[in-house]
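Presented below is the structure to which this report refers.
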Amino acid sequence: QVQLVESGGGLVQAGGSLRLSCAASRSIFSTNAMGWYRQAPGKQRELVALVTTLGRTNYADSVKGRFTISRDNAKNTVYLQMNSLKPEDTAVYYCWVSPLYWGQGTQVTVSS
């Protein structure tokens with residue numbers, strides 16, 4: 001059984017930055033794609049960013065140039081650096097590791 005523990009969420013003003021972390025309970029990162037999703041109230045969960053086992057990244061258009069996903073296989077941890085945050089980035093952010101592992105979610109709130 002794999003457990004994902006997220007941290008780093010919180011309240012920040014527009015234009016600010018946050019860094020999310022997701023640590024896995026066992027070594028799976030080196031063989032699995034991973035990413036971050038988010039879900040705002042009343043909206044569907046959407047992909048924010050993902051990184052493949054080869055290190056290739058993909059971002060939602062809404063966060064390109066502002067967010068950066070990275071992984072540290074030695075620490076079984078994936079990160080999401082979020083800069084220039086906007087109120088529309090407010091959501092619960094979920095860590096995902098392929099195929100179907102999910103974190104518990106961490107709240108990110110951006111005030112205007």
Side-chain angles (χ1 to χ4, degrees):
Q1 186 71 18
V2 175
Q3 290 185 327
L4 303 176
V5 179
E6 299 149 346
S7 60
L11 173 64
V12 65
Q13 288 188 333
S17 297
L18 285 174
R19 188 192 193 202
L20 305 183
S21 299
C22 174
S25 60
R26 64 178 175 90
S27 178
I28 59 170
F29 281 7
S30 61
T31 59
N32 294 67
M34 62 192 78
W36 291 91
Y37 284 72
R38 67 185 181 188
Q39 187 167 19
K43 295 187 177 181
Q44 290 187 331
R45 190 173 297 190
E46 63 175 358
L47 174 68
V48 177
L50 64 83
V51 55
T52 71
T53 55
L54 297 178
R56 295 172 181 167
T57 58
N58 190 31
Y59 297 91
D61 288 342
S62 59
V63 306
K64 283 181 180 177
R66 300 188 297 123
F67 291 11
T68 303
I69 188 171
S70 61
R71 61 194 291 166
D72 187 335
N73 292 340
K75 295 183 178 179
N76 300 330
T77 301
V78 60
Y79 305 96
L80 185 68
Q81 178 67 43
M82 304 185 294
N83 299 327
S84 302
L85 283 161
K86 304 175 181 180
E88 51 263 44
D89 294 319
T90 295
V92 178
Y93 283 70
Y94 296 91
C95 175
W96 167 81
V97 176
S98 67
L100 289 174
Y101 301 111
W102 292 94
Q104 79 285 359
T106 185
Q107 178 69 47
V108 171
T109 303
V110 184
S111 63
S112 57

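As the structure is a prediction and not an experimental result, all values here were calculated from the model.
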Check your understanding: What heavy-atom pair brings Ala33 and Thr52 nearest, and what distance separates the two atoms?
Key -> CB-CA, 4.2 Å

Practice item. Give, for atom OG1 of Thr68 and atom CE of Met82, the distance between the pair rounded to the nearest 0.5 Å. Key: 11.0 Å

Review point. Which pair of heavy atoms, one from Ser17 and one from Asn83, lies closest together, and at what distance?
Key: OG-OD1, 2.9 Å

Check your understanding: Nearest 0.5 Å, what's the SG-CD distance between Cys22 and Glu6?
Key -> 5.5 Å

Point to revise | Partner set under salt bridge (Lys or Arg N to Asp or Glu O under 4.0 Å) for Arg19, not counting sequence neighbours | key: none

Revision key, fill the gap. Tightest non-hydrogen contact, residues Val78 and Ser70, listed as CG2-O, 3.2 Å

Review point. What residues, two or more places apart in sequence or in another chain, satisfy side chain to side chain donor-acceptor pair (under 3.5 Å) together with Arg66?
Key: Asp89

Study note, to complete from the structure: For Trp102, the other hydrophobic cluster members (4.5 Å side-chain criterion, sorted by chain and number) are Tyr37, Leu47, Leu50, Val92, Tyr94, Trp96

Practice item. Just jot down the salt bridge (Lys or Arg N to Asp or Glu O under 4.0 Å) partners of Lys43, sequence neighbours excluded, or say none. Key: none

Practice item. Give every residue pair that meets the salt bridge (Lys or Arg N to Asp or Glu O under 4.0 Å) criterion with at least one member in residues 99-111, sequence neighbours excluded. Key: none

Exercise for review: Only counting residues at least two apart or in another chain, list the ones meeting side chain to side chain donor-acceptor pair (under 3.5 Å) with Glu46.
Suggested key: Arg38

**Study point:** Crowding at CD, Gln107 (>12 non-hydrogen neighbours, <6.0 Å)
**Key:** yes

